[in-house]
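No experiment lies behind these values; they were computed from the predicted model shown. Just the heavy atoms: all of them, side chains too, but no hydrogens, waters or symmetry mates, feed the values below.
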Amino acid sequence: MDQVEAPIVDVTHVGALDFTGNGVEAESFKHRVDEIFVQVDKLEQRVNEIEQFYSSASKKQGNASKSGSAVKDKEKHVPSMKKQQQEAALREAAAAKRMQELMRQFGTILRQITQHKWAWPFLQPVDVEGLGLHDYYEVIDKPMDFSTIKNQMEAKDGTGYKNVREICADVRLVFKNAMKYNEERSDVHVMAKTLMAKFEEKWLQLLPKVTEEEKRLEEEEAEAQLNMQLAEEAAHAKMARDLSNELYEVDMHLEELRDMVVQKCRKMSTEEKRKLGVALSRLSPEDLSTALEIVAQSNPGFQATAEEVDLDIDAQTESTLWRLKFFVKDTLEVQAKSSASIGATNNDNTNNHNSGNKNNINNANNKRKREICNAIAKTNKKNKKPAS
């Protein structure tokens with residue numbers, strides 16, 4: 001949304017407007033203002049979401065600079081987020097099927113090893129108590145045997161092996177445990193060492209297929225991440241375009257309300273003008289500059305930034321006077337609350353923390369109201385066109 005420069009009539013101060021004899025019109029006006037507040041809040045949340053996305057994307061851009069050309073080539077044909085998810089599901093299913101085939105081939109190797117005449121000591125878990133191996137668990141951190149491997153290969157509850165390398169690691173563990181616990185010249189040590197050599201020989205025959213599948217999975221995952229990134233960028237780009245159109249509609253509603261405000265402003269009394277002049281003198285230099293800018297908006301010939309400014313209250317239009325009055329009112333209220341907060345700090349830091357939070361909320365609300373009202377004052381938006 002365009003940056004606001006100065007507040008206009010705070011629409012919550014209906015005393016500035018003349019709805020005499022027409023309460024229905026006044027309620028309708030308030031209702032429309034409330035709707036705009038709600039709509040702007042939602043738009044702000046979406047703007048923040050878009051800003052966070054592109055901020056995060058810019059940080060990742062440096063790491064993905066090598067794939068920049070690929071991104072530009074694919075931008076013209078970006079699949080939707082939904083299609084990306086569907087393709088991901090199909091890709092995962094295909095990868096799982098290929099991995100099952102590799103596991104089947106590994107199972108053939110495992111059967112050949114377990115059918116060897118020297119495999120019998122490793123088929124079942126070690127009978128630690130029966131064999132009196134009281135120090136077994138002190139030497140062996142993770143016991144393993146072929147029956148445990150077989151059960152985990154056949155598991156259907158999601159606790160089984162995810163890939164062939166996990167099975168390979170456990171097969172090696174079976175033999176390493178036996179070689180670690182038993183002396184080098186013992187029968188079990190020799191049997192384990194012999195079978196491990198045979199297993200490694202057969203594993204080397206399957207390894208090229210495993211490596212090829214891992215490389216394929218890595219490439220598919222990289223491509224999927226790139227496509228997902230492009231889909232997210234396309235979705236946020238569309239969100240930004242839609243947001244621009246909605247902001248344009250809000251501007252049009254604000255313009256309508258601005259016209260209504262100008263038409264409904266009642267004439268300010270002499271006493272009110274006098275009080276306004278006194279209140280202007282109490283503003284800080286920054287706030288006073290803002291007040292002068294309000295005057296300049298409806299009076300192009302007024303030099304708000306000149307070294308010496310002659311402000312004739314009686315020469316201003318009614319709408320300008322009311323804009324000034326409510327800007328001054330809100331500004332002085334904020335100053336008073338800030339002073340009260342500082343005083344509370346000297347007495348009690350804890351109370352000041354809570355008071356400060358409330359003041360921040362009130363200040364934010366006042367700022368929002370002034371920004372909305374200021375937007376109403378902008379008449380140069382009539383020529384704006386919605387984004388395509």
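For the side chain to side chain contact (heavy atoms under 4.5 Å, CB included) test, residues two or more places apart in sequence or in another chain that qualify with Gln39 are Leu43, Val250. With sequence neighbours excluded, no residue forms a side chain to side chain contact (heavy atoms under 4.5 Å, CB included) with Lys117. Phe122 pairs by the ring-ring contact (aromatic ring centres under 6.0 Å, His included) definition with Phe175, not counting sequence neighbours. Here Glu213 pairs with Arg98 under the side chain to side chain donor-acceptor pair (under 3.5 Å) rule; sequence neighbours left out. Judged as a side chain to side chain contact (heavy atoms under 4.5 Å, CB included), and not counting sequence neighbours, the contacts of Gln105 are Glu101, Leu206, Lys209. Arg282 is linked by a side chain to side chain donor-acceptor pair (under 3.5 Å) to nothing, counting only residues two or more places apart in sequence or in another chain. Legend: residues meeting side chain to side chain contact (heavy atoms under 4.5 Å, CB included) with Ala155, ordered by chain and number and at least two apart, are Asp157, Thr159. Under the rule for a salt bridge (charged side-chain N to carboxylate O under 4.0 Å, His left out), the partners of Arg165 that lie at least two apart in sequence or sit in another chain are Glu214. Scanning for ring-ring contact (aromatic ring centres under 6.0 Å, His included) contacts around Tyr136 gives Tyr181, with sequence neighbours left out.
Remark: Glu220 engages Arg216 in a salt bridge, criterion side-chain N to carboxylate O under 4.0 Å. Arg46 and Glu246 are joined by a salt bridge, as a carboxylate oxygen and a charged side-chain nitrogen come within less than 4.0 angstrom of each other.
Hydrophobic clustering (side-chain heavy atoms under 4.5 Å, transitive across Ile, Leu, Val, Met, Phe, Trp, Tyr) groups Ile167 together with Leu204. Placement of Val126 and Phe146 in two distinct hydrophobic clusters is found when ILVMFWY residues are connected by side-chain heavy-atom separations under 4.5 Å, directly or transitively. Under a hydrophobic-cluster definition in which Ile, Leu, Val, Met, Phe, Trp and Tyr are linked whenever side-chain heavy atoms come within less than 4.5 Å, directly or via other members, Met179 and Tyr137 are assigned to different clusters.
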Report the C-alpha separation of Tyr161 and Ile149 in whole Å, then their side-chain angles, then the decisive distance to 0.1 Å, and conclude whether the side-chain contact (heavy atoms from CB on, under 4.5 Å) test is met.
CA-CA 9 Å; Tyr161 295 110; Ile149 293 175; 3.7 Å; yes
For Gln225 and Glu221: C-alpha separation, side-chain torsions, deciding distance, then whether side chain to side chain donor-acceptor pair (under 3.5 Å) applies.
CA-CA 6 Å; Gln225 290 181 355; Glu221 181 64 22; 3.2 Å; yes
Pair Leu110, Phe199 - check side-chain contact (heavy atoms from CB on, under 4.5 Å), show working.
CA-CA 8 Å; Leu110 196 59; Phe199 168 74; 5.6 Å; no
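Among residues at least two apart or in separate chains, salt bridge (Lys or Arg N to Asp or Glu O under 4.0 Å) pairs with a member in residues 193-202 are Arg172-Glu200. Within the structure, salt bridge (Lys or Arg N to Asp or Glu O under 4.0 Å) pairs that include any residue of residues 137-151 comprise Lys142-Asp170, Lys150-Glu154 (at least two apart or interchain). Applying the ring pair (Phe, Tyr, Trp, His ring centres under 6.0 Å) rule to pairs touching residues 269-289 yields nothing, sequence neighbours excluded.
Side-chain contact check for Ser269 and Glu272: at least one donor-acceptor pair (N or O, by modelled atom type) lies under 3.5 Å. No side-chain N or O of Arg111 forms a donor-acceptor pair with one of Thr114 less than 3.5 Å apart.
Side-chain N or O atoms of Asp287 include none that pairs as donor or acceptor with a backbone N or O of Leu283 at under 3.5 Å. Of the possible polar contacts, none joining the Glu183 side chain to the His189 backbone as a donor-acceptor pair under 3.5 Å is found. Thr320 places no side-chain N or O within 3.5 Å of a backbone atom of Gln316 that could act as its donor or acceptor partner.
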